[in-house]
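What follows is one structure encoded as structure tokens, with my remarks underneath.
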2 protein chains.
Amino acid sequence: MADGITDRVRPRDRILETAQDMFHKHGIKGVGVDAITEAAGTNKMTLYRHFESKDELIIQCLRASAAKGAAIWDEFEAEHPGDKLAQLHAWVHKVADMLAADGRGCDMANAAVELTEPNHPARSVIKELKSAQRDRLVALCRDAGIGQAELLADTLSLLFEGARVSVQTMGCQGPSTQFVRMAEGLISSFRAR
Amino acid sequence: MADGITDRVRPRDRILETAQDMFHKHGIKGVGVDAITEAAGTNKMTLYRHFESKDELIIQCLRASAAKGAAIWDEFEAEHPGDKLAQLHAWVHKVADMLAADGRGCDMANAAVELTEPNHPARSVIKELKSAQRDRLVALCRDAGIGQAELLADTLSLLFEGARVSVQTMGCQGPSTQFVRMAEGLISSFRAR
DNA sequence: TCTGATAGTTACAGACCGGTAACACCCTAG
DNA sequence: CTAGGGTGTTACCGGTCTGTAACTATCAGA
């Protein structure tokens, strides 16, 4: 291989990064561990030395994916320091960009659809990570001085989640193109109350 | 078996009904054709005499699922003949009931998440069925005398879709419990314009 | 130079997958 | 009664899946 990355990055990190990407694109049940290790330039034994099972790998991928999403929020704070309302609007536009750029939805939501067993170890992790996302949006709405911050945050959350699904069912030219208009309308409507 | 149903209903219909139920509960990739035929009280050969492949069975299940959903709309018309606004409110409450009663989401949306291949034969069917759903809601909003009927219908659609996903990620006690409040707020907001 | 941890290779186990072949059975229409 | 279509049964094909065993190669640090 000698592609640089393979040499410098440790196998565990390469596996995690590759698995994240492949799970996102092809779904969890659509990718086998063999395919992951091959794409990561390593082998199955090394994967099982670092992750005790595919389920454990899935969980670590979900955590990594959520961490990447959380990192975006720091950009909002950096771009609009202290201005929570501006950060909320930045969130809306960032979300719209994601809808246009990525034809697949949220990794956690997709995983919840695929892993139907009620006691699958990933389910509690998904719930935990999704709750954290919600809490952050609620806090942003509240700090932006909006009454009924929880209701607005939940509405925006569901709208976002629905848009990401809609991209998968009806394509990126469907209803999701109206996301900014919908979200901005909601925000101004809540601010007027 | 001699469970009555097995005797009276034709194998093809039993397979279709059983497959729908199992795909809905366990996901498409989570159910094999053997499991379907066994649960339907028949066998694999009979399945392949009626459906040329698993993919074809999936498509027929999606069509059947959408047809069941469409049948609900006729109830609205029967309960509130001519009163389109009342029918829209009936839709909102029916949707809320579904959110509370069923922990799994929309069959078409779930299928879109699972079947990631861009040229999978089910994808075009999903798009077609989802577009028909959207068109029906748009027409209802327009006939209810609402300006910007398309925008309201799309907003309600995404909200609904998001709520069905939210039930799977955060449970039926999460943000989806606020669906009626959100939807009613949107409708009255659009009517006020 | 020796040691020990990390990583790669090959082969395999056991299960499950979608799909097919060949054949026996039953039930109904004629 | 008989013919034939729909159905059930068994066995099988080739492939893929997660996970493991046994062995080898590499390389850094003492």
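Model, not experiment: these values are computed from the prediction. Every chain is numbered from 1 and lettered A, B, ... according to where its sequence line falls, protein lines coming before strand lines.
- The CG-C1' distance, from Leu47(A) to dT6(C), rounds to 15 Å in whole Å.
- Considering only heavy atoms from C-beta on, Cys61(A) stays 4.5 Å or farther from Asp107(A) through its side chain.
- His89(B) places a side-chain heavy atom less than 4.5 Å from the side chain of Ile187(B).
- Following rounding to the nearest Å, Asn43(B) (CG) and dC26(C) (P) show an atom-to-atom distance of 15 Å.
- Across Ser176(B) and Cys172(B), no two heavy atoms sit closer than the pair OG-O, 4.0 Å.
- Arg104(A) has its side chain out of reach of Lys25(A): every pair of non-hydrogen atoms, C-beta onward, lies at least 4.5 Å apart.
- One can place CZ of Arg12(B) at 15 Å from P of dG8(D), the figure rounded to the nearest angstrom.
- The phosphate of dA7(C) (OP1 or OP2) has a side-chain N or O of His50(A) nearer than 4.0 angstrom.
- Placement of Ile72(B) and Leu88(B) within a single hydrophobic cluster is found when ILVMFWY residues are connected by side-chain heavy-atom separations under 4.5 Å, directly or transitively.
- Interface remark: the Arg49(B) side chain does not form any donor-acceptor pair with the dG5(D) base, using a distance-only criterion of under 3.5 Å.
- Following rounding to the nearest Å, Asp13(B) (CG) and dG6(D) (C1') show an atom-to-atom distance of 14 Å.
- Looking only at side-chain heavy atoms (C-beta outward), Ile36(B) and Leu57(B) come within less than 4.5 Å of each other.
- Summarising the geometry, the separation between NE2 on His26(A) and P on dC17(D) is reported as 12 Å, rounded to the nearest angstrom.
- Computed from coordinates, the Met45(A) CE to dA21(D) P distance equals 8 Å when rounded to whole Å.
- Here the options are Lys127(B), Arg134(B), Gln133(B), Lys130(B), the test is side chain to side chain contact (heavy atoms under 4.5 Å, CB included), and the partner is Thr169(A); only Lys130(B) passes.
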Quick test: give all pairs of protein nitrogen or oxygen and nucleotides 16-19 of chain C nitrogen or oxygen below 3.5 Å, distance rounded to 0.1 Å.
from    : atom 1 : to       : atom 2 : distance (Å)
dG18(C) : OP1    : Lys54(B) : NZ     : 2.7
dG18(C) : OP2    : Val33(B) : N      : 2.8
dG19(C) : OP2    : Tyr48(B) : OH     : 2.6
dG19(C) : OP2    : Lys54(B) : N      : 2.8
dG19(C) : O5'    : Tyr48(B) : OH     : 3.4
dG19(C) : N7     : Lys44(B) : NZ     : 2.9
dG19(C) : O6     : Lys44(B) : NZ     : 2.3

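- Taking every heavy atom of both residues into account, Leu159(B) and Thr155(A) meet most closely at CD1-O, 3.7 Å.
- The nearest pair of heavy atoms linking Gln168(B) to Gly103(B) is CG-O, 3.4 Å.
- Axis angle across the helix from dT1(C)-dA30(D) to dG30(C)-dC1(D), with five pairs used at each end and values rounded to 10°: 0°.
- OP1 or OP2 of dG8(C) lies within a sub-4.0 Å distance of a side-chain N or O belonging to Thr46(A).
- For Glu38(B) and dT10(D), the CD to C1' distance is 15 Å, given to the nearest whole Å.
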